[in-house]
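First the proteins, then the strands, lettered A, B, ... as listed; each starts at 1. Here the structure is a predicted model, which is why all the values come from computation and not from measurement.
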Protein chains: 2
Amino acid sequence: MANIHDVARVAGVSISTVSYALSGKRPIGEKTRLRIDEAVRELDYMPNAAGRMLAGTRTRIFALTAPLRSDTYAPAHMAFVLSVVTAARKYDYDVLLLTEDEATDGLRRVSSSRLVDGIIVLDVSMNDERADLVRSLGVPAALIGVPRNAEGLVCVDLDFEAAAGLAVDRLVDAGHTSLALLGHPAAVYERGSNFPMRFRDGFLRRAAEREVAASFTMVEKEAAQVRSALAELLDADQAPTGLVVHGEEGVHKTLLDAVAGRGLSIPGDLSIIAGVPTFDTSAFTPPLNVIPLIPADSCTRAVELAVQQLDGAVAPRVELVAPRYRDHGSVAAPRPGP
Amino acid sequence: MANIHDVARVAGVSISTVSYALSGKRPIGEKTRLRIDEAVRELDYMPNAAGRMLAGTRTRIFALTAPLRSDTYAPAHMAFVLSVVTAARKYDYDVLLLTEDEATDGLRRVSSSRLVDGIIVLDVSMNDERADLVRSLGVPAALIGVPRNAEGLVCVDLDFEAAAGLAVDRLVDAGHTSLALLGHPAAVYERGSNFPMRFRDGFLRRAAEREVAASFTMVEKEAAQVRSALAELLDADQAPTGLVVHGEEGVHKTLLDAVAGRGLSIPGDLSIIAGVPTFDTSAFTPPLNVIPLIPADSCTRAVELAVQQLDGAVAPRVELVAPRYRDHGSVAAPRPGP
DNA sequence: GGCATTTGTCGAAACGTTTCGATAGATGGA
DNA sequence: TCCATCTATCGAAACGTTTCGACAAATGCC
């Protein structure tokens with residue numbers, strides 16, 4: 001396999017000239033550069049990664065630590081991983097994958113052996129030991145998700161409060177004056193991540209700001225529970241006409257079945273918006289308007305911030321990604337009251 | 001960050017002594033080794049990865065190319081990826097993740113820049129361009145799945161024929177004399193991977209060997225189609241009493257519903273074995289006996305073969321992993337005939 | 001006690017880059 | 001024409017390891 005000396009010999013120049021010609025860090029004469037390009041092609045030269053890492057100060061590799069917790073939705077998880085890789089490649093970075101069982105040891109290993117230039121931390125939970133580790137390692141890093149103690153860390157996450165606010169806005173704008181949020185099971189709000197709370201708070205706050213009635217219900221996953229939660233809401237006085245659903249895929253489907261079972265049409269009788277899912281609500285029957293959690297959005301930004309940390313210091317921060325709204329026709333004006 | 005010179009200085013030895021002490025490749029005196037260990041701890045020394053790669057002949061990194069085709073079941077896919085990483089770590093290897101869009105370019109890049117020592121190719125399809133590329137690169141590689149042209153390649157896959165044979169054996173051993181295989185939709189047998197055919201062939205061959213009646217039906221995914229396929233089978237003369245199902249998760253569930261809907265009990269009226277799924281059939285109602293496709297089995301072996309290629313040449317081969325049978329109580333003796 | 005072998009350690013070369021400083025030649029200004 | 005500046009190129013050092021060959025000291029054998 002050809003090395004830079006071979007290229008230099010064939011092109012009749014010194015190796016430093018080859019290096020500068022390829023990196024473009026110093027001006028090289030037109031004719032010389034052409035000869036070098038020619039030699040590179042002829043020899044099928046590609047710089048040796050190890051040599052580069054050693055001489056340069058960069059390895060051009062990021063570590064990605066991606067726990068696969070049992071409550072993680074696998075397709076979404078995969079989408080996050082792939083988004084990170086894709087984003088990293090835009091900056092000419094490769095991604096080394098660390099698994100859950102090696103989370104902290106692996107991070108320690110790859111960072112203190114200088115195998116990676118930085119770390120992307122996926123699916124960060126409230127009390128994530130990786131957060132503290134990353135802080136103590138002092139390595140460039142970007143977390144996706146916000147730990148309880150985010151001090152000194154660079155974090156990226158969807159703006160869940162704004163997302164919920166956006167859902168409220170769309171429903172109120174359509175004319176709804178009584179809204180309900182169907183949330184995760186109670187257990188989710190007690191432990192784990194904080195985003196369900198942030199979504200709930202955003203929902204209630206914006207509803208208050210818009211001066212509309214709003215309720216929040218935690219819904220267990222079982223079909224029967226979903227049905228009874230829906231019944232309780234719709235059978236009440238002042239029943240909500242606009243629903244925001246923040247839950248798992250199955251809950252959405254059960255809910256849609258239950259709505260259909262009651263003979264209600266969407267959006268004729270009931271408007272529904274799905275909140276920050278990672279699955280595709282446009283394939284539901286009927287398709288649901290949605291404020292999706294888009295892996296590429298957070299991942300791209302996280303990689304960007306990691307790259308920036310390499311040359312300029314980036315101030316620690318929690319950066320919230322703006323939510324987007326996708327209309328699939330599940331929101332309309334409420335029926336005029338009886 | 002400390003380097004080997006620092007360690008040598010603190011321990012009062014030369015750097016080569018440090019290197020040998022850490023690698024164990026030459027005997028080092030007891031006292032010297034202790035001094036070196038002490039210095040390593042004191043300085044929190046960890047060998048620099050780039051220096052190692054450059055001087056040694058190994059990078060201790062494998063590339064993993066894992067396409068995420070739309071028809072891939074994401075949780076299984078993720079399980080394969082994680083299994084590869086876990087297996088690689090056993091050999092002190094890290095894994096660099098390449099995505100679909102960079103499949104061939106990425107492989108070319110990381111192998112000709114000598115960033116990786118070898119390649120693990122996941123989810124290999126019949127006409128997989130990565131197979132030809134890997135062959136032409138001449139880099140140590142192990143494929144999981146078997147391409148049409150496996151010449152010169154090291155491939156690992158589940159022994160689908162044996163798996164189907166195992167299912168037949170268990171049913172026949174339980175006393176069944178009329179079996180049926182419910183397979184994938186017809187389209188799957190026409191394009192894509194060849195394992196559905198291998199499973200089907202294994203089923204029919206073993207049934208013939210065991211001298212029992214056996215039928216094969218391709219089943220579309222829609223619930224109605226599943227139900228009618230089941231009806232057609234069970235309403236026939238000489239209806240099968242033992243079923244083998246090779247399909248997606250949804251098809252299994254629909255099938256179980258349909259069976260229950262006909263008032264049949266499992267395994268009282270009907271014995272069922274699920275063939276080579278990646279999902280968990282023990283959580284079904286009722287739980288199904290299964291010959292699972294276990295990611296860790298193939299991945300471990302693939303990594304092993306990749307590692308072996310690094311020092312001894314490994315002869316090209318297609319290595320089939322033995323299937324395993326898991327009993328969850330869905331097979332019993334058939335009811336005595338009428 | 002002399003010689004061959006083993007054990008423990010060292011120095012130096014090699015791996016393949018990047019990059020700093022130097023230099024020769026070309027260009028420009030006065 | 002002389003000096004300053006700029007452009008294009010080169011040589012050499014540095015990055016941090018591993019490993020080969022050498023060698024001194026310790027050990028074993030007769």
With a cut-off of less than 4.0 Å, is there a side-chain N or O of [X] near OP1 or OP2 of [N]?
| X | N | value |
| --- | --- | --- |
| Tyr20(A) | dT7(D) | no |
| Asn3(B) | dG16(D) | yes |
| Ser19(B) | dT18(D) | yes |
| Lys25(B) | dT19(D) | yes |

Item to check | Presence of donor-acceptor pair under 3.5 Å, side chain of Ser16(A) and base of dG11(D) | outcome: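 Between dG11(D) and Ser16(A), which were checked side chain against base, a qualifying N/O pair under 3.5 Å is present.
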Checklist entry - With nearest nucleotides of DNA chain C determined for Arg26(B) and Ser23(A) from heavy-atom distances, which residue corresponds to the more 5′ nucleotide? => result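 Looking at DNA chain C, the more 5' nearest nucleotide goes with Arg26(B).
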Checklist entry - Considering heavy-atom distances to DNA chain C, does Arg33(B) or Gly51(B) have its closest nucleotide positioned more toward the 5' end? => result Arg33(B)
Could you give the [atom1]-to-[atom2] distance, from [X] to [N], as a whole number of Å?
| X | N | atom1 | atom2 | answer |
| --- | --- | --- | --- | --- |
| Met1(A) | dT17(C) | CE | C1' | 16 Å |
| Met46(B) | dT17(D) | CE | C1' | 15 Å |
| Arg60(B) | dT18(D) | CZ | P | 11 Å |
| Ile28(B) | dC10(C) | CD1 | P | 8 Å |
| Ile15(B) | dA13(C) | CD1 | C1' | 11 Å |
| Leu34(A) | dT9(D) | CG | P | 11 Å |
| Tyr45(B) | dT18(D) | OH | C1' | 10 Å |

Item to check | Bend angle of the helix from dG1(C)-dC30(D) to dA30(C)-dT1(D), end axes from five pairs each (to 10°) | outcome: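 End-to-end axis angle for the helix from dG1(C)-dC30(D) to dA30(C)-dT1(D): 30°, rounded to 10°.
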When you get a sec, tell me which of [options] is the closest nucleotide to the side chain of [X]?
| X | options | result |
| --- | --- | --- |
| Ser14(B) | dT18(C), dG11(C), dT17(D) | dG11(C) |
| Pro47(B) | dA8(D), dG16(D), dT17(D) | dT17(D) |
| Arg52(A) | dA8(D), dT17(C), dT17(D) | dT17(C) |

Checklist entry - Taking atom types as modelled and ignoring hydrogens, do the side chains of Asn127(A) and Arg148(A) form a donor-acceptor contact shorter than 3.5 angstrom? => result yes
Kindly list each side-chain donor-acceptor pair under 3.5 angstrom involving residues 78-89 of chain B, sequence neighbours excluded, with atom names and distances?
residue  : atom : partner   : partner atom : Å
Ser83(B) : OG   : Ala79(B)  : O            : 2.8
Thr86(B) : OG1  : Leu82(B)  : O            : 2.8
Arg89(B) : NE   : Glu102(A) : OE1          : 3.3
Arg89(B) : NE   : Glu102(A) : OE2          : 3.0
Arg89(B) : NH1  : Tyr93(B)  : O            : 3.4
Arg89(B) : NH2  : Glu102(A) : OE2          : 3.3

Checklist entry - Yes or no on side-chain hydrogen bond (donor to acceptor under 3.5 Å, both in side chains) for Ser19(A) and Ser16(A), after CA distance, side-chain angles and deciding distance? => result CA-CA 5 Å; Ser19(A) 180; Ser16(A) 53; over 6 Å; no
Next on the checklist: Nearest heavy atom decides the nucleotide; on that basis, is Gly29(A) or Ile4(B) closer to the 5' end of DNA chain D?
Outcome noted: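 Taking each residue's closest nucleotide, the earlier one in sequence belongs to Gly29(A).
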Next on the checklist: With nearest nucleotide decided by heavy atoms, which residue, Thr17(A) or Gly56(B), maps closer to the 5′ end of DNA chain D?
Outcome noted: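 With Thr17(A) and Gly56(B) compared, the 5'-side residue is Thr17(A).
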Checklist entry - Between Asn194(A) and Met126(A), what is the shortest heavy-atom contact and its length? => result CB-SD, 3.3 Å
Next on the checklist: On a heavy-atom basis, which atom in Arg130(A) and which in Ala103(A) lie closest, and how many Å separate them?
Outcome noted: CD-CB, 4.0 Å
Checklist entry - Under 4.0 angstrom, heavy atoms only, what part of the nucleic acid is Pro27(B) near: base, sugar-phosphate, or nothing? => result base
Checklist entry - Under 4.0 Å between a Lys/Arg side-chain N and an Asp/Glu carboxylate O for Arg35(A) and Glu38(A)? => result no
Next on the checklist: So, applying side-chain contact (heavy atoms from CB on, under 4.5 Å) with Ile61(B), which one of Val110(B), Leu96(B), Asp117(B) is it?
Outcome noted: Leu96(B)
Checklist entry - Any sub-3.5 Å donor-acceptor pair from Gln309(B)'s side-chain atoms to Ala141(B)'s backbone N or O? => result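 Yes, the answer is positive, given that a donor and an acceptor are paired below the 3.5 Å cut-off.
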